[in-house]
Amino acid sequence: MDGRREYGFFVQMKIRINGEEKEIKEGLSLAALLDEFQIRPGRVVVELNRNIITRAAHGSTALKEGDALEIVHFVGGG
Amino acid sequence: MEDHFELAGVKYRSRLIVGTGKYKDFAETKKAIEVSGADIVTVAVRRVNITDPNKENLLDYLDPKKYTILPNTAGCYNADDAVRTCRLAREAGVGKLVKLEVIGDDKTLFPDIPATLEAAKILVQEGFVVLPYITDDPVTAKKLQDIGCAAVMPLAAPIGSGLGIRNPYNIRIILEQATVPVIVDAGVGTASDAAMAMEMGCDGVLMNTAIAGAKDPILMAEAMRLGIEAGRKAFLAGRIPRKLYATASSPLEGILG
């Protein structure tokens with residue numbers, strides 16, 4: 001299945017999140033992924049393959065094999 | 001006397017802009033900022049730690065309704081990364097203000113001026129309110145002002161060095177030619193440094209380490225607030241000229257014979 005493998009009931013896919021490779025359920029939306037990682041969408045900004053995804057589009061953005069996500073937030077700085 | 005700090009058409013009460021880095025915890029950050037009286041606070045943009053997403057977020061302690069959030073591009077070494085960081089920051093929904101810093105050297109953290117100019121052009125075009133961190137160079141300040149930056153922010157000394165204003169003459173030249181606010185950014189060590197910047201006629205001072213790194217950050221935050229206020233008032237009052245010889249303060253008539 002071209003880089004994918006059967007895992008339990010779900011087909012897993014590999015994506016990169018903040019530079020780390022992760023396996024997630026195929027077809028997961030961005031909103032569902034944030035939920036799974038317990039990340040509050042109101043406090044982060046997400047870039048998918050170098051394009052910023054607005055909060056309104058989190059639910060309708062389906063992730064696919066090989067995607068690269070950057071999830072950032074504000075931290076202390078000068 | 002009414003005295004406001006006006007930046008890009010918005011009036012602020014305080015001329016002190018403070019950073020949020022290097023504090024012990026968010027509670028101390030919050031307290032120091034409150035005591036400093038600052039209206040504008042800087043923040044950095046960083047990756048969320050996805051394996052341990054901290055439930056607490058800086059913005060939980062820093063109400064964006066109360067403070068103007070000024071995201072920085074700290075850690076960016078080229079124009080592309082700086083522009084990318086600003087776009088991400090804007091998407092967070094805290095406004096269009098950005099502190100543009102493109103670092104050119106690890107050891108001094110001096111800015112890469114060509115890259116700063118390049119990024120500033122793009123950001124101004126995209127509607128950002130750009131506040132660039134620069135070396136104390138009048139030519140660079142003029143160029144960034146001409147590009148359309150909302151202020152220029154020459155350093156007093158290297159970031160976190162606490163050396164104070166190393167070249168007051170360059171700052172004076174920058175002030176003379178400026179048509180936008182001049183904010184001294186970085187290198188302030190103590191309250192007198194902040195006062196000196198204000199006495200010279202600077203519009204504001206931006207600092208982080210001087211407060212966060214003090215033994216008692218809360219007390220230093222207060223000292224900085226007072227230093228800024230004292231310096232600004234002294235500037236508005238108009239200081240006496242410096243003279244080499246004495247002028248008596250008491251009447252010369254009626255002295256006992």
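So you know, we letter chains A, B, ... as the sequences are listed, proteins then strands, and number each from 1.
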> Stepwise, does the side-chain contact (heavy atoms from CB on, under 4.5 Å) test hold for B/Arg84 with A/Glu70?
CA-CA 12 Å; B/Arg84 184 184 182 195; A/Glu70 288 290 345; 3.7 Å; yes

> What are the two closest non-hydrogen atoms of A/Gly76 and B/Ala44, and how far apart are they?
O-CB, 4.1 Å

> Could you tell me which residues in residues 50-59 of chain A have at least one non-hydrogen atom under 4.5 Å from a non-hydrogen atom of chain B, sorted by residue number?
A/Arg50, A/Ile52, A/Thr54, A/Arg55

> Does A/His73 form a side-chain contact (heavy atoms from CB on, under 4.5 Å) with B/Leu88? I'd like the steps, not just the answer.
CA-CA 9 Å; A/His73 62 166; B/Leu88 284 164; over 6 Å; no

> Tell me which of these, B/Thr85, B/Leu206, B/Leu59, B/Thr209, has more heavy-atom pairs under 4.5 Å with chain A than the rest.
B/Leu59

> Give me the one residue out of B/Thr51, B/Ile50, B/Asn49 that meets side chain to side chain contact (heavy atoms under 4.5 Å, CB included) with A/Asn18.
B/Ile50

> Only heavy atoms, only distances under 4.5 angstrom. Which residues in residues 99-106 of chain B are near chain A?
B/Lys99, B/Glu101

> Once ring pair (Phe, Tyr, Trp, His ring centres under 6.0 Å) is applied, do any residues pair with B/Tyr61, and if so which ones, sequence neighbours excluded?
B/Phe26

> Need one label for B/Ala74: side chain, backbone, both or neither, based on atoms under 4.5 Å from any heavy atom in chain A.
neither

> Report which part of B/Asp185 has an atom under 4.5 Å of a heavy atom belonging to chain A: side chain, backbone, both, or neither.
neither

> Going by atom type alone, with no hydrogens or angles, which donor-acceptor pairs under 3.5 Å involve a side-chain atom of residues 119-134 of chain B and a protein atom two or more places apart or on another chain?
{"from": "B/Glu126", "atom 1": "OE1", "to": "B/Arg87", "atom 2": "NE", "distance (Å)": "3.1"}
{"from": "B/Glu126", "atom 1": "OE2", "to": "B/Arg87", "atom 2": "NE", "distance (Å)": "3.4"}
{"from": "B/Glu126", "atom 1": "OE2", "to": "B/Arg87", "atom 2": "NH2", "distance (Å)": "2.5"}
{"from": "B/Tyr133", "atom 1": "OH", "to": "B/Leu109", "atom 2": "O", "distance (Å)": "2.6"}

> Would you please test B/Val94 and A/Phe74 for side-chain contact (heavy atoms from CB on, under 4.5 Å) and show each step?
CA-CA 11 Å; B/Val94 295; A/Phe74 289 140; 3.8 Å; yes

> Against chain A, label B/Ala186 side chain, backbone, both or neither, depending on which of its atoms sit under 4.5 Å from a heavy atom there.
neither

